[in-house]
Number of protein chains: 2
Amino acid sequence: MLDISQSTNELIAAFERACRDRGLRLTHQRLEIYRELARSTDHPTAEALYKRLRRTMPTLSLDTVYRTLSTFAEYGLANKVETVESQARFEAVNNRHHHLVCSECKTIMDFQWQEIDTLPLPQEVGEWGAIGTRSVVIHGICRQCRHKT
Amino acid sequence: MLDISQSTNELIAAFERACRDRGLRLTHQRLEIYRELARSTDHPTAEALYKRLRRTMPTLSLDTVYRTLSTFAEYGLANKVETVESQARFEAVNNRHHHLVCSECKTIMDFQWQEIDTLPLPQEVGEWGAIGTRSVVIHGICRQCRHKT
DNA sequence: GTGCGTGCAAACGGTTTGCATGCTT
DNA sequence: AAGCATGCAAACCGTTTGCACGCAC
């Protein structure tokens, strides 16, 4: 897994390495899409990324963004976020974290919660199969939405 | 919230009450869709429910299933489950529970985990806004998929 | 009888795909 | 030079919507 909790330069260097390791060609589009995704903290949709990038890359096409994001997801460079909305949201693969979702504005915020990993799981879970990662999603109403009446 | 951890009869009675309370008409389609959803433990898609119900209700239409499920979701009689897949999945509103997702076969299983609600949240979460429910999703590989090589 | 809910068919919108061209390797 | 990645446009597919009829109230 790619650790991007670092400066942007290191981050991009790590991305370039990751591409080479996986035999992925390092194109301008991939680099810029990754850079934009890693810079974003709002778990953008493909379309949101497209709009942001279009300003500096006028020839970029939306389907390249889609194709690139699914390539990233396939190679573990980004994640598709589980959502109830119709548009898929993405995040650069980051340190392990959980999500706070505002029921009003649908914003998704990250947070850390190490304790969750040490809390013993119910027995039935162990019986179900091989356990991978635990992800917590907390639904609530964010400060901004609460105060805006 | 509707508690359906009971016999089917009580469950249906509770559903009928819930419809009346909300001013929703109690149609044959709604009743059968609810019955099938409550009987299903696999978090079916609208299409899956449609196929199952079509056997006994040949005139049922897929868009009625969609419309009914979103009515249920709107009135708190069912939930749309957060997923990374393209088709939406649903569950009858049940006691609070969490999800085990198999990365291979995409099956979703429910499990209980009361302890999670008493585990103190990180401070930053409290600062974010008003907290609602905590939902855990554990990704892993279920027994069947592990043994099938 | 009133008007909400259903069935049908057509529209919609996000995402994917086929194909010719371009750019990384 | 070889072939993967991109851009364009068209197809795809899950879901939604407009309309007329039917059924719960």
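Just so it is clear: chains get the letters A, B, ... in the order the sequence lines come, proteins before strands, and each one is counted from 1. Computed from a prediction, not measured in an experiment: that's the story for all the values here. FYI, side chains are in, hydrogens and waters are out, and symmetry mates aren't considered; it's all heavy atoms of this structure.
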Residue-phosphate contact under 4.0 Å: B:Thr59 side-chain N/O, C:dG7 OP1/OP2: yes
Qualifying residues under salt bridge (charged side-chain N to carboxylate O under 4.0 Å, His left out), relative to B:Glu124, sequence neighbours excluded: none
Residues which pass salt bridge (charged side-chain N to carboxylate O under 4.0 Å, His left out) with A:Glu32, listed by chain and number, not counting sequence neighbours: A:Arg35
Please tabulate the protein-to-nucleotide N/O contacts below 3.5 Å involving nucleotides 14-16 of chain D, giving atom names and distances.
{"residue": "D:dT15", "atom": "OP1", "partner": "B:Ala88", "partner atom": "N", "Å": "2.8"}
{"residue": "D:dT15", "atom": "OP2", "partner": "B:Tyr66", "partner atom": "OH", "Å": "2.0"}
{"residue": "D:dT15", "atom": "O5'", "partner": "B:Tyr66", "partner atom": "OH", "Å": "3.2"}

C:dT6 OP1/OP2 closer than 4.0 Å to side-chain N/O of B:Thr64: no
Whole-Å gap separating C1' (D:dC8) and OH (A:Tyr50): 11 Å
For nucleotides 20-25 of chain D, give me every protein contact, N/O to N/O, under 3.5 Å, one pair per line with atom names.
{"residue": "D:dC25", "atom": "OP1", "partner": "B:Leu26", "partner atom": "N", "Å": "3.1"}

Donor-acceptor contact present, side-chain B:Thr45 to main-chain B:Ala88, <3.5 Å: no
Whole-Å distance separating the OH atom of A:Tyr34 from the P atom of D:dA5: 18 Å
Modelled atom types, side-chain donor and acceptor of A:His99 and B:Glu82, under 3.5 Å: no
Nearest-Å distance for atom pair CG/C1', residues A:Leu69 and D:dA5: 14 Å
Any side-chain donor near an acceptor of the partner, A:Arg30 and A:Thr71, under 3.5 Å: no
Rounded interatomic separation in angstrom, taking CG from A:Leu53 and C1' from D:dG7: 15 Å
Any residue meeting salt bridge (charged side-chain N to carboxylate O under 4.0 Å, His left out) with A:Arg96, in chain and number order, not counting sequence neighbours: A:Asp117
Side-chain (B:Arg134) to main-chain (B:Ile116) donor-acceptor, under 3.5 angstrom: yes
Side-chain cluster (under 4.5 Å, hydrophobic types only) that B:Val101 belongs to, other residues: B:Val81, B:Ile108, B:Val137
Integer-rounded Å distance: D:dA5 C1' and A:Met57 CE: 12 Å
Among A:Thr107, A:Thr83, A:Asp110, side chain to side chain donor-acceptor pair (under 3.5 Å) partner for A:His43: A:Asp110
Short side-chain N/O contact to C:dG7 OP1/OP2 from B:Gln29, under 4.0 Å: yes
